[in-house]
Amino acid sequence: MAMKDVPDNIFMTQLDAAASWARANSLWPMPFATACCGIELMATASSRFDLARFGAEVMRFSPRQCDLMIVAGRVVMKMLPVLQRIWLQMPEPKWCISMGACACTGGVFDTYAVVQGVDRFIPVDLYVPGCPPRPEQLMAGIIALQDKIKHGGTLNGTEFGKRTQPMGPTPYDLDELIRIREANEQLVSLN
Amino acid sequence: MPFDVSDLAELDAPEQEYLWTLNFGPQHPATHTTLRLILTLDGEKVVNAVPHIGYLHSGFEKLGEHLDFNQYVTIVDRMNYISPLHNEISWHHAVEKLLGIELTPRCKYLRTILAELMRIQDHLLNTGTCALDLGGFTAFLYFFQQRELIYDIVETASGQRFHTSYTRVGGVAFDVNNAWVDKVRSFIKGFAAVHAEVHRLLTRNRIFIERVQGIGYLSAEDCINMGVTGPLARASGVLRDLRKDEPYLAYADLDFKVIASKGGDCYARYLVRMQEMVESVKIIEQCIENIPEGPVNVDAGSKAVIPAKPSVYRSIEGLIQHFEVMMPNRGFPTPKEEIYAATESPNGELGYYIVGDGSPRSYRARTRPPSYVHFAVFPQIIKNHQLSDVVAVLGSLNIIAAELDR
Amino acid sequence: MSTEETLQSKFPAAGLKCSQFRDNRRVVVPAESLQPLLAFMKGDLGFDFLAEITAVDYLEYEGATDRFGVVYVVVNTKTGERLVIKTFVNDPDPVLPSAYSLWKSADWLEREVYDMFGIKFSGHPDLRRILTPDEFSAYPLRKDYPLKGRGERHNFPVITRADS
């Protein structure tokens, strides 16, 4: 078939690219809003900043309808099993944005209860720094994620299968082990 | 005689097998953040509700024992995150009481304006989301636009729009200028129209009233006995307002009313909050026109205060004091005493119990969070209501999970 | 007669220590007289509002003789009078009578003190952990518990991309 016979309103592409294009421009976020960042997430979705301009305004609170999890706020040890369960309930293909310093690294809360970065326990695709990030910054993050999906997404999601490691740092680093040992020694000496 | 199921709730007999249990939260849009309720339902009627909290417990008070009085302000910010500056004002109110520092008149007025802006900000989000949960999206968007204007104001003053960390022991981080004053003036001017519009949208809206009137009743005696304060208590007819009862900052000089209602239900709470915003605007109007000239921080002679930048750069005394306050192993002496100090936060009585041990860190920094006490009331007031009323009552109680769990 | 004097004359044997710092009026009461004193304040003196119950661990406090201090802040809503009542308890078995029968607001406040410090309140209807998970075994606000915990925060399974 000669290309010149194709009418103007038909264009050719790869199936992978078409699927990624569609997915990138209709993200359905699952706002896992635990703390302050959740309010900025609300601000991003409401009047002044209007997330709808980027096709990501359909916040759904049921994980089964979503494909983008935005972890907004600190996750503590009581909440982490809930987060993991919600992540597992989301259908593929799915992505995760870790919004704010607390979700990325624990932020200012280096305490006994706060998980030092959700990426230790679930895969994270994109980190948005800030405490909390401004709405503009979250939007920049969503645009960057759209870019990531467009350049590397496949129709059947095989790109996820290759990632067999959690994408963040290893769950137990050396510092942590030393800290635990010191704490245990302290405990023994007290008793 | 009608069959009352609530009598059966105490028994665990097979007769009540038709009661079923619903897990509500911790990740649910109407809980706003991370509350969890185990509801026992008879059809749609709530027979019993057991709250489970702690899904955002992040060790604030433990951190308070490891950070000094100026550093901890960044943490208290994150406690009631819909009115962050008010937490800072409360915290430094308590610290200054412990250290015995009397603020300058300009700082008092400035902090009063900011505190009232935060009250407006808190009530805006609360009434907005309360309407949003009941299906009124427009009011939420209108009010959020006003919140953005307040964000602009605090950003002009402090450089950050959300967690400002603006107050310091004995003053604030930077003084404000005339451009800021103009911003506050223009906000007040525009706010009345939006407030009136939302009033027209909601206050006599049949759908809204049907959802909130007579729901979640709390009597005045229960309020006092269960420790409820703030707009919730005033909506039940308890005339307690720390701004009047134990005046702090500039409230003693100002003319304002304490808003109260006898209704005690969700509708009364909504009305009290709406009217309190009007009173707050009045307070800001009085303050902004009478804001005194002069220094904003107390004299650097008291060793606890960060000196002004010119004196740091130009004098050796200023430099030494800056060094003393800022370095982690230095600091200022504090009395070996304990103090409880409370302010009227947008949510109720926000108190701090500080134990000083002579070092610039508090030995114990306890917060008395209003949300924590208010959420304990929830199981009682939701009993025998419909499942859909859970959302209305949660919205009107204004539970902030970070303040609840700390 | 001020409230402190009334309390002194009502409980002469208890050895109440009254003091004032800034505007805080404080009464230190021995643990065994706490329950009658609170009941008297609620019933006869009209202190109908319990604002706060909290505790302090004095393990590392210079010159402290007792381990835990428990603080009650009570308010008379008619007169606006505010009083801070403090008592001390010690290891190995810190127990205090519950104030739940007097003020219902004591319910969650006492549960929090139990959760954070391990001080038990006898007579409390439902003394469980409230903020930390049920399986948590330490009392985090005690001074011998490290700020960064003992690794509880990282004791979870990891979900990788391949699992999900």
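So you know, we letter chains A, B, ... as the sequences are listed, proteins then strands, and number each from 1. Predicted model, so just to flag it, every value in this text is computed and none were measured.
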Q: Hey, which of B:L56, B:D77, B:I400 has the most heavy atom pairs under 4.5 Å with chain A?
A: B:L56
Q: Does the distance from a Lys or Arg side-chain N to an Asp or Glu carboxylate O, for A:R23 and A:D67, drop under 4.0 Å?
A: no
Q: Heavy-atom pairs under 4.5 Å with chain B - which of A:S62, A:G106, A:S46 has more of them than the others?
A: A:S46
Q: Go through the atoms of B:L132 and report whether side chain, backbone, both or neither lie under 4.5 Å from a heavy atom of chain A.
A: neither
Q: Quick check for you: among A:M77, A:R48, A:M42, A:M30, which has the greatest number of heavy-atom pairs under 4.5 Å with chain B?
A: A:R48
Q: Does A:W87 offer a backbone N or O that forms a donor-acceptor pair with the side chain of A:K94 under 3.5 Å?
A: yes
Q: Name the member of B:Y142, B:F60, B:F140, B:F137 that forms the most heavy-atom pairs with chain A at distances under 4.5 Å.
A: B:F60
Q: With a 4.5 angstrom heavy-atom cut-off, could you sort out which part of B:E155 is near chain A: side chain, backbone, both or neither?
A: side chain
Q: Would one find more than 12 heavy atoms of other residues, nucleotides or ligands at under 6.0 Å from atom NZ of B:K189?
A: no
Q: Select all residues of residues 78-86 of chain A having any heavy atom within less than 4.5 Å of some heavy atom of chain B, and report them by number, or 'none'.
A: A:K78, A:M79, A:V82, A:I86
Q: Applying side-chain hydrogen bond (donor to acceptor under 3.5 Å, both in side chains), run through B:S371 and B:N347 and close with a yes or a no.
A: CA-CA 7 Å; B:S371 290; B:N347 237 349; 3.2 Å; yes
Q: Check the angle between the aromatic planes of B:F69 and B:W91 and answer parallel, tilted or perpendicular using the 30° and 60° thresholds.
A: tilted
Q: Given heavy-atom pairs under 4.5 angstrom as the criterion, report whether the side chain, backbone, both or neither of B:T129 touches chain A.
A: side chain
Q: Are A:W21 and A:T13 side-chain neighbours, meaning at least one heavy-atom pair lies under 4.5 Å?
A: no
Q: Do we get B:R78 above A:F109's six-membered ring, with its NZ or CZ under 6.0 Å from the centre and within 45° of the axis?
A: no
Q: Using non-hydrogen atoms only, which part of A:F49 is less than 4.5 Å away from chain B: side chain, backbone, both, or neither?
A: side chain
Q: Look at the rings of B:Y270 and B:F208 and say which category their plane angle falls in: under 30° parallel, 30 to 60° tilted, over 60° perpendicular.
A: perpendicular
Q: Chain A: which of B:A402, B:G54, B:A401 shares the most heavy-atom pairs with it under 4.5 Å?
A: B:G54
Q: Check whether more than 12 heavy atoms from other residues, nucleotides or ligands sit under 6.0 Å from atom CH2 of B:W180, and answer yes or no.
A: yes
Q: With a strict 4.5 Å heavy-atom criterion, list every residue of residues 131-145 of chain A that contacts chain B, or say none.
A: A:C131, A:P132, A:R134, A:P135
Q: side-chain hydrogen bond (donor to acceptor under 3.5 Å, both in side chains) for B:K62 and A:T111? Distances and angles first, verdict last.
A: CA-CA 8 Å; B:K62 191 83 178 172; A:T111 61; over 6 Å; no
Q: Can you tell if the side chain of B:F24 reaches within under 4.5 Å of the side chain of B:L394, non-hydrogen atoms only?
A: yes
Q: Using a cut-off of under 4.5 Å on heavy-atom pairs, state which of A:A43, A:P63, A:C102, A:P31 scores highest against chain B.
A: A:A43
Q: Between chain A and each of B:Q145, B:H66, B:Q160, count heavy-atom pairs under 4.5 Å; write down the option with the most.
A: B:Q145
Q: Taking it one step at a time, do B:H57 and A:Y112 satisfy side-chain hydrogen bond (donor to acceptor under 3.5 Å, both in side chains)?
A: CA-CA 10 Å; B:H57 172 67; A:Y112 55 92; 2.8 Å; yes
Q: Tell me whether B:D405 is salt-bridged to A:R74, with the criterion being a basic N under 4.0 Å from an acidic carboxylate O.
A: no
Q: Contact part of B:L141 toward chain A, heavy-atom cut-off under 4.5 Å: side chain, backbone, both or neither?
A: both
Q: Less than 4.5 Å apart, side chain to side chain, heavy atoms only: is that true for B:Q121 and B:L85?
A: no
Q: Side-chain contact, heavy-atom cut-off 4.5 Å: B:R161 with B:E148?
A: yes
